[in-house]
Amino acid sequence: MSNNMNHPFHLVDKSPWPLVSAFSVFSLVTGIAKWFHTFSLDLFVLGTITTLLIMGQWWRDVTREGTYQGHHTIMVGVGLRWGMILFIVSEVLFFFSFFWAFFHSSLAPAIDIGAAWPPAGIQPFNPFQIPLLNTAILLASGVTVTWAHHGLMENNFTQTTQGLALTILLGLYFTSLQALEYYEAPFCIADAVYGSTFFVATGFHGVHVIVGTIFLATGLVRHLWLHFSQNHHFGFEAAAWYWHFVDVVWLFLFISIYWWGN
């Protein structure tokens with residue numbers, strides 16, 4: 001492709017990553033279904049490994065285009081920000097469907113589950129134990145990622161590094177506690193609509209925390225490689241937006257499912 005352009009837009013080169021990532025994610029999802037039905041992890045592990053490898057290669061190309069080749073102009077940056085905003089809006093609607101299912105079943109419990117919420121035989125979690133601790137962890141992580149952002153805007157390399165590292169550690173801590181909670185859960189996803197809505201909503205949020213942690217870890221590595229500046233740091237900004245979205249969703253989950261639904 002010629003480098004002589006009379007417009008501020010970035011016309012991307014041909015890339016194999018969209019196609020191969022589609023096949024990889026298909027293998028991953030199929031592997032999850034196979035794991036649930038046959039307890040075989042081979043396809044799931046293969047899909048996970050290939051997806052992670054493709055993510056690394058694709059992010060490498062985007063980083064090269066924006067940081068070293070200068071393709072991410074001001075106009076391109078505006079488009080990227082709008083794209084991230086619309087993506088987060090789509091995620092809001094994604095979680096809205098889970099809350100709809102939860103309130104649809106909890107506000108008017110069907111006779112099939114004993115006309116009670118939680119259904120008879122379900123022992124829900126105490127919201128003031130691990131769920132409250134996880135709430136404090138995510139709220140603290142929102143403070144640390146904001147601290148990192150302010151450090152970046154002030155060209156304070158140390159504060160940005162410390163803020164990002166703390167946010168990543170808090171994200172890992174949250175995931176560990178969530179896994180412990182699932183391990184000790186007195187009910188499972190097959191226990192009526194309560195188990196289904198609980199594990200689907202909190203489980204997808206847990207996946208988003210893992211994705212957000214990887215997003216922030218990538219930003220930390222790029223920061224250490226001096227890819228960011230006061231005027232050029234959308235990779236970090238997008239990760240911070242995503243993390244704040246994860247925080248807000250958890251607050252709604254804690255208030256509605258753990259506390260009110262209890």
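Keep in mind that the numbers below use all heavy atoms, side chains included, and drop hydrogens, waters and symmetry copies.
Although no hydrogens or angles enter the test, the distance criterion places a donor-acceptor pair under 3.5 Å between the side chain of Ser196 and the main chain of Ile189. The backbone N or O of Thr51 lies less than 3.5 Å from a partner atom in the side chain of Ser24, making a donor-acceptor pair. Listed for the Thr38 side chain is no donor-acceptor partner under 3.5 Å among the backbone atoms of Trp35.
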Between Ser229 and Asn231, does the side-chain hydrogen bond (donor to acceptor under 3.5 Å, both in side chains) criterion hold? Intermediate values first, please.
CA-CA 5 Å; Ser229 67; Asn231 301 319; 5.6 Å; no

For the pair Phe9 and His71, evaluate ring pair (Phe, Tyr, Trp, His ring centres under 6.0 Å) and give the outcome as yes or no after the intermediate values.
CA-CA 8 Å; Phe9 303 103; His71 290 313; over 10 Å; no

Go through His244 and Thr146 one step at a time and tell me if the side chain to side chain contact (heavy atoms under 4.5 Å, CB included) criterion holds.
CA-CA 9 Å; His244 286 308; Thr146 303; 3.4 Å; yes

Does His208 form a side-chain hydrogen bond (donor to acceptor under 3.5 Å, both in side chains) with Glu91? I'd like the steps, not just the answer.
CA-CA 10 Å; His208 282 69; Glu91 292 285 271; 2.2 Å; yes

Hey, mind stepping through Lys34 and Phe39 against side chain to side chain contact (heavy atoms under 4.5 Å, CB included) and telling me if it holds?
CA-CA 7 Å; Lys34 182 181 179 183; Phe39 303 101; over 6 Å; no

Is there a side-chain hydrogen bond (donor to acceptor under 3.5 Å, both in side chains) between Thr167 and Ser141 once you walk through the steps?
CA-CA 5 Å; Thr167 307; Ser141 71; over 6 Å; no

Is there a ring pair (Phe, Tyr, Trp, His ring centres under 6.0 Å) between Phe125 and Phe187? Walk through the geometry before answering.
CA-CA 10 Å; Phe125 289 102; Phe187 57 91; 5.6 Å; yes

For Thr202 and Gln178, run side chain to side chain contact (heavy atoms under 4.5 Å, CB included): C-alpha distance rounded to whole Å, both residues' side-chain angles, the deciding distance at 0.1 Å, then the answer.
CA-CA 9 Å; Thr202 60; Gln178 191 78 17; 3.8 Å; yes

Verdict with supporting geometry, Thr30 and Phe26, side chain to side chain contact (heavy atoms under 4.5 Å, CB included):
CA-CA 6 Å; Thr30 306; Phe26 178 76; 3.8 Å; yes

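Taking the ring centroids of Phe236 and Trp243, they lie at or beyond the 6.0 Å cut-off. Aromatic rings of Phe157 and Phe228 (six-membered ring for Trp) have centroids beyond the 6.0 Å cut-off, not under it. Ring centroid separation for the pair Phe102 and Trp117 comes in under the 6.0 Å cut-off. Annotation: Phe199 is in aromatic contact with Tyr182 [ring centroid separation under 6.0 Å].
Side chains of Leu251 and Leu139 form a contact here, defined as non-hydrogen atoms less than 4.5 Å apart. No side-chain heavy atom of Leu216 sits under 4.5 Å from any side-chain heavy atom of Leu220. Proximity of Thr63 to Arg222: side-chain heavy atoms (C-beta onward) are separated by under 4.5 Å at one or more points. Between Glu181 and Leu177 the shortest side-chain heavy-atom distance does not fall below 4.5 Å. In this structure, Val211 and Tyr242 have side chains that are in contact, with non-hydrogen atoms separated by less than 4.5 Å. Two residues are said to be in side-chain contact when any heavy atoms from C-beta on lie closer than 4.5 Å; Arg64 and Gln69 meet this criterion. Taking 4.5 Å as the limit, every side-chain heavy atom of Phe252 sits out of range of all side-chain heavy atoms of Ile257. Contact check for Ser256 versus Phe103: side-chain heavy atoms found under the 4.5 Å cut-off.
Screening His149, His72, His227 for a ring pair (Phe, Tyr, Trp, His ring centres under 6.0 Å) involving His233 leaves a single residue, His149. With respect to Val209, the side chain to side chain contact (heavy atoms under 4.5 Å, CB included) criterion is satisfied by exactly one of Ile214, Leu172, Thr175: Thr175.
For Gln123, the CD atom counts as loosely surrounded, since its 6.0 Å shell holds 12 or fewer non-hydrogen atoms of other residues, nucleotides or ligands. Within 6.0 Å of CZ in Phe95 there are more than 12 heavy atoms belonging to other residues, nucleotides or ligands. The neighbour count for Ile74 CD1, taken as heavy atoms of other residues, nucleotides or ligands under 6.0 Å away, does not exceed 12.
Taking each heavy atom of Leu253 and Ala201 in turn, the nearest pair found is CD2-CB, 3.8 Å. Pro119 and Ala192 get closest at one heavy-atom pair: CG-CB, 4.3 Å. Between Gly261 and Tyr194, the shortest heavy-atom distance links the atoms O-CE1, 4.1 Å. Among all heavy-atom pairs drawn from Gly163 and Trp147, the shortest one is CA-CE3, 3.6 Å.
Annotation: the span from Thr218 atom OG1 to His223 atom NE2 amounts to 14.5 Å, rounded to 0.5 Å. Interatomic distance, NE2 of His232 versus CD of Glu237, reported as 11.5 Å (0.5 Å rounding). If you take CG on Leu169 and CD1 on Ile137, they are separated by 11.5 Å, rounding to the nearest 0.5 Å. Here NE2 of His205 is found 11.0 Å from CD1 of Ile210. Values are rounded to the nearest 0.5 Å. Gln57 CD to Ser21 OG: the interatomic distance, rounded to the nearest 0.5 Å, is 12.5 Å. The CZ atom of Phe245 sits 14.0 Å away from the CH2 atom of Trp241 when rounded to the nearest 0.5 Å.
Residues Trp260 and Phe198 fall within the same hydrophobic cluster, defined by Ile, Leu, Val, Met, Phe, Trp and Tyr side chains chained together at heavy-atom separations under 4.5 Å. In terms of hydrophobic clustering, with Ile, Leu, Val, Met, Phe, Trp and Tyr side chains grouped at heavy-atom distances under 4.5 Å, Leu133 and Leu180 are assigned to a common cluster. Linking Ile, Leu, Val, Met, Phe, Trp and Tyr residues whenever their side-chain heavy atoms come within less than 4.5 Å places Phe99 and Trp259 in a single cluster. Linking Ile, Leu, Val, Met, Phe, Trp and Tyr whenever their side-chain heavy atoms come within less than 4.5 Å puts Ile122 and Val193 in one cluster. The hydrophobic cluster containing Phe204 also contains Ile255, counting ILVMFWY residues as joined when their side-chain heavy atoms lie under 4.5 angstrom apart, directly or transitively.
A tilted orientation is assigned to the rings of Trp250 and Tyr258, their planes being inclined by 30° to 60°.
Trp17 and Asp61 share a donor-acceptor pair across their side chains, judged by distance under 3.5 Å alone.
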